[in-house]
K.L.:
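Below: one structure in structure tokens.
Residue numbers begin at 1 in each chain, while the letters A, B, ... track the order of the sequences. Note that this is a predicted model, so its numbers are computed, not measured.
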Protein chains: 2
Amino acid sequence: MTEATTRRATRDRLAAPAPTAPEAPIHETSMAETPVPMTPIPMAPGALVGDGKNTMASQLVDRLREAIVSGRLEAGSKINLERARERFSVSLSPLREALARLIADGLVVFEDNRGYRVAPVSLSNLAEITRLREEVEVLALRQAIAIGTVDWEGDVMRALHRMNRIERDPAQPETLEQWEAYHREFHLTLIAGCRMPLLLNFCGVLLNLNDRYRRTFLRRTPGGDRNVAQEHGEIAQLAVARDADDACARLREHIHRTGTNLQRHLAGTLAP
Amino acid sequence: MTEATTRRATRDRLAAPAPTAPEAPIHETSMAETPVPMTPIPMAPGALVGDGKNTMASQLVDRLREAIVSGRLEAGSKINLERARERFSVSLSPLREALARLIADGLVVFEDNRGYRVAPVSLSNLAEITRLREEVEVLALRQAIAIGTVDWEGDVMRALHRMNRIERDPAQPETLEQWEAYHREFHLTLIAGCRMPLLLNFCGVLLNLNDRYRRTFLRRTPGGDRNVAQEHGEIAQLAVARDADDACARLREHIHRTGTNLQRHLAGTLAP
DNA sequence: TGCTCACATATCATCGATTATTCGTCAATC
DNA sequence: GATTGACGAATAATCGATGATATGTGAGCA
């Protein structure tokens with residue numbers, strides 16, 4: 001039970017700064033902070049209850065990622081270390097370590113002696129993300145359909161159900177955030193059955209990058225006139241029915257349409 | 001004047017520790033250090049004379065990557081920070097930052113409060129690497145053949161020529177190292193024409209991971225009875241001739257055969 | 001007016017010391 | 001005799017301070 005004491009002390013130390021206000025922007029431009037209440041994120045699959053995120057650096061990775069994907073940290077903006085240090089109430093070492101890890105996600109870019117900055121967005125970047133998702137996510141799905149277990153089927157249906165039950169109300173931003181989280185989990189669960197860690201990791205990165213575009217440009221009109229829920233449902237049904245060709249075709253269309261949609265919105269944002 | 005003094009001091013500081021002995025093993029096990037004389041590496045393409053690697057952390061990334069891919073740092077072994085700090089003559093901050101960046105390469109794994117370790121090797125990991133290389137490297141090649149410029153064609157032929165001119169003499173380890181560098185560059189150049197940064201980055205990661213297996217298990221008998229040089233030549237010729245289907249088929253076979261070869265050697269190492 | 005160079009300032013990079021956590025060991029207990 | 005809990009050594013994580021680099025500014029000159 002001495003251990004309990006020690007642990008509790010740590011938890012307090014770590015928990016204390018969290019409830020404070022959501023991070024204000026670090027970059028020089030933009031100061032209107034969207035008061036998003038930092039959802040108690042149902043983080044990436046594979047995270048056991050007590051295993052991860054005990055250190056400053058690891059928590060920072062999540063906080064920074066969320067801040068970037070949500071658009072609170074403007075694309076392309078410089079990350080001033082001193083201000084970020086204050087904002088997140090940490091020291092330089094864990095901050096730099098967290099940023100270094102985020103390079104892997106493609107959300108942060110770095111240059112020697114010039115520091116870190118939020119990865120920029122561009123039409124070509126979006127096009128590549130879409131194209132690669134079509135290829136690798138479909139590849140993963142095909143493999144998942146081939147070797148996925150019954151448990152995997154169950155996971156897929158559960159993820160689908162949870163996502164579709166969320167009522168997306170623009171007046172309640174937290175419902176949008178929640179849907180984003182479930183949507184991400186749905187796509188990851190769909191392919192998780194393939195049991196190829198490197199591939200899943202890469203798909204997760206692409207999904208993150210894609211989500212940043214959607215959350216920035218399609219915040220309230222996610223599907224346009226599409227019935228996204230139906231698309232998801234069909235893909236899931238075909239997948240658990242082990243109809244590989246049709247499931248993959250539908251997933252590919254789904255990704256492609258989303259990409260086209262985003263492309264249009266982004267072009268509208270950049271051009272005028 | 002003052003500035004000149006400052007700069008000179010810095011350069012000396014950075015240059016000084018480099019020529020010292022090659023890094024001895026950091027991990028607890030294994031103490032017989034292969035006295036590989038740390039080739040003055042013809043580093044990754046795209047490195048201008050003065051652009052990158054000015055900081056301790058960035059230099060460390062390269063040194064550590066080389067140490068891991070070459071096998072000097074044993075797969076799966078724990079990386080003791082204090083010993084690594086001494087060995088590489090740096091402080092903890094840049095060391096941790098460098099290790100954090102190497103997570104992206106899949107060469108290092110991390111766990112909160114348990115530190116960093118060299119990524120383990122396994123048959124399933126090798127199988128996935130091979131499978132993914134077949135898919136994504138071929139995808140990249142097809143795109144490169146579709147849109148690659150004449151400059152790209154030239155780059156491919158040059159890379160092929162340089163690689164094939166190296167005489168691989170097991171008695172002269174530096175020739176093996178040199179060939180590895182050129183070989184890596186050949187494969188990357190072959191697909192560089194596709195102009196998809198994310199895809200190229202992923203291919204580079206896979207190539208690195210693959211090279212670790214080859215350099216560990218196929219150090220002196222790279223091709224078995226295969227004529228690897230001829231395989232490379234044919235792929236290059238087909239690529240610049242814009243024969244996409246044949247080039248991709250050959251590349252896929254090439255990757256697959258290499259994988260099978262490695263699988264056999266690795267199985268022989270793990271089993272008995 | 002436009003350019004170059006020195007200086008001041010802001011920022012990034014690194015270090016050494018301090019704090020927190022884990023892991024091995026051993027004694028106490030059931 | 002096995003399990004549990006407490007200690008101490010080893011190691012990881014964090015911090016505050018210092019050193020190095022880049023960037024902005026203005027004087028001097030063509």
Side-chain angles (χ1 to χ4, degrees), chain A residues 1-17 26-28 50-61 63 77-101 103 108-117, chain B residues 1-18 26-28 50-61 63 77-101 103 108-118:
Chain A
M1 285 303 120
T2 59
E3 186 184 279
T5 320
T6 313
R7 290 233 173 136
R8 189 145 18 82
T10 301
R11 294 244 168 84
D12 289 349
R13 181 175 62 80
L14 288 173
I26 296 169
H27 46 86
E28 287 73 13
D51 71 341
K53 318 308 158 63
N54 287 319
T55 65
M56 286 291 182
S58 294
Q59 291 182 335
L60 263 181
V61 170
R63 294 168 71 191
S77 66
K78 182 151 176 25
I79 296 173
N80 180 302
L81 292 175
E82 180 54 30
R83 256 165 285 188
R85 193 194 64 70
E86 279 195 7
R87 195 71 63 188
F88 290 88
S89 308
V90 291
S91 193
L92 249 33
S93 317
L95 176 60
R96 292 186 66 100
E97 194 168 334
L99 287 167
R101 283 192 225 166
I103 294 176
V108 155
V109 294
F110 171 82
E111 199 177 348
D112 268 7
N113 289 323
R114 297 243 199 131
Y116 295 89
R117 57 178 54 239
Chain B
M1 263 321 236
T2 59
E3 183 182 285
T5 318
T6 313
R7 290 229 172 143
R8 188 142 18 84
T10 301
R11 295 245 167 84
D12 288 350
R13 182 174 61 78
L14 287 173
I26 297 169
H27 45 86
E28 286 74 11
D51 72 340
K53 318 309 161 60
N54 286 320
T55 65
M56 285 291 180
S58 294
Q59 291 181 335
L60 263 181
V61 169
R63 293 169 71 190
S77 66
K78 182 152 180 22
I79 296 173
N80 180 300
L81 292 174
E82 180 54 30
R83 257 166 284 190
R85 194 195 62 71
E86 279 196 7
R87 195 72 61 188
F88 290 90
S89 307
V90 293
S91 194
L92 250 31
S93 317
L95 177 60
R96 292 186 66 99
E97 194 168 334
L99 287 167
R101 283 192 224 166
I103 294 176
V108 156
V109 295
F110 171 82
E111 199 177 348
D112 268 6
N113 289 321
R114 298 241 202 131
Y116 294 89
R117 58 177 54 241
V118 181

K.L.:
Output the rounded distance in Å from CG (B:Leu81) to P (C:dG16).
P.N.:
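Taking atom P of C:dG16 as the reference, CG of B:Leu81 is at 16 Å.
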K.L.:
Can you tell me which nucleotide in D:dC15, D:dA22, D:dA13 comes closest to the side chain of B:Phe110?
P.N.:
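Output: D:dA13.
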K.L.:
Check every atom of D:dT14, C:dG16, C:dT22 against the side chain of B:Ser91 and return the nucleotide holding the closest atom.
P.N.:
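Nucleotide nearest to B:Ser91's side chain: C:dG16.
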K.L.:
Hey, could you give me the CG/CG distance between A:Asn54 and B:Asn113, rounded to the nearest 0.5 Å?
P.N.:
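Going from the CG atom of A:Asn54 to the CG atom of B:Asn113 covers 6.0 Å.
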K.L.:
Hey, does the side chain of A:Lys78 reach the backbone of A:Arg114 with a donor-acceptor pair shorter than 3.5 angstrom?
P.N.:
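Flag set: sc A:Lys78 to bb A:Arg114 pair under 3.5 Å.
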K.L.:
Rounded to the nearest Å, what distance is computed from the CZ atom of residue B:Phe88 to the P atom of nucleotide C:dC15?
P.N.:
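Result: 14 Å.
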K.L.:
Ion pair present between B:Glu86 and B:Arg83, side-chain N to carboxylate O less than 4.0 angstrom?
P.N.:
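No salt bridge links B:Glu86 with B:Arg83.
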K.L.:
Rounded to whole Å, please give me the gap between CE in A:Met56 and C1' in D:dC15.
P.N.:
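Spelled out: CE on A:Met56 to C1' on D:dC15 is 10 Å.
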K.L.:
Name the residue closer to the 5' end of DNA chain D, choosing between B:Ser93 and B:Glu82 according to the nucleotide with the nearest heavy atom.
P.N.:
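This one resolves to B:Glu82.
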K.L.:
In whole angstroms, how far is the C1' atom of D:dC15 from the CZ atom of B:Arg96?
P.N.:
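These atoms are roughly 13 Å apart.
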K.L.:
So, is A:Lys78 close to the C:dC12 phosphate, meaning a side-chain N or O under 4.0 Å from OP1 or OP2?
P.N.:
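For C:dC12, OP1/OP2 do have a side-chain N/O of A:Lys78 under 4.0 Å.
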K.L.:
Nearest of D:dT14, D:dA17, D:dA12 to any side-chain atom of A:Leu92?
P.N.:
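Selected nucleotide: D:dA17.
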K.L.:
Nearest 0.5 Å please: distance from the CG atom of B:Leu99 over to the CZ atom of B:Arg117.
P.N.:
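Output value for this atom pair is 12.5 Å.
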K.L.:
Which whole-number value in Å describes the distance from B:Glu97 CD to D:dT14 C1'?
P.N.:
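Value for this atom pair: 15 Å.
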K.L.:
NA contact type, A:Tyr116, heavy-atom cut-off 4.0 Å: base, sugar-phosphate, or nothing?
P.N.:
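It contacts nothing in the nucleic acid.
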K.L.:
Atom CG of B:Asn113 and atom P of C:dA20: how far apart are they, to the nearest Å?
P.N.:
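Interatomic distance, CG of B:Asn113 to P of C:dA20: 12 Å.
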K.L.:
Is there a side-chain contact between B:Ser58 and A:Phe110 (heavy atoms, below 4.5 Å)?
P.N.:
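Answer yes - side chains close enough.
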K.L.:
Rounded to whole Å, how long is the line connecting atom CZ of A:Arg85 with atom C1' of C:dA10?
P.N.:
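The distance from CZ of A:Arg85 to C1' of C:dA10 comes to 15 Å, rounded to the nearest Å.
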K.L.:
Given atom CG of A:Asn54 and atom P of C:dT22, what is their separation to the nearest angstrom?
P.N.:
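Atom-to-atom, A:Asn54 to C:dT22, this comes out as 7 Å.
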K.L.:
Does a side-chain N or O of B:Arg114 approach OP1 or OP2 of D:dA13 to a distance below 4.0 Å, or not?
P.N.:
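Answer no for this pair, as no side-chain N or O of B:Arg114 is under 4.0 Å from OP1 or OP2.
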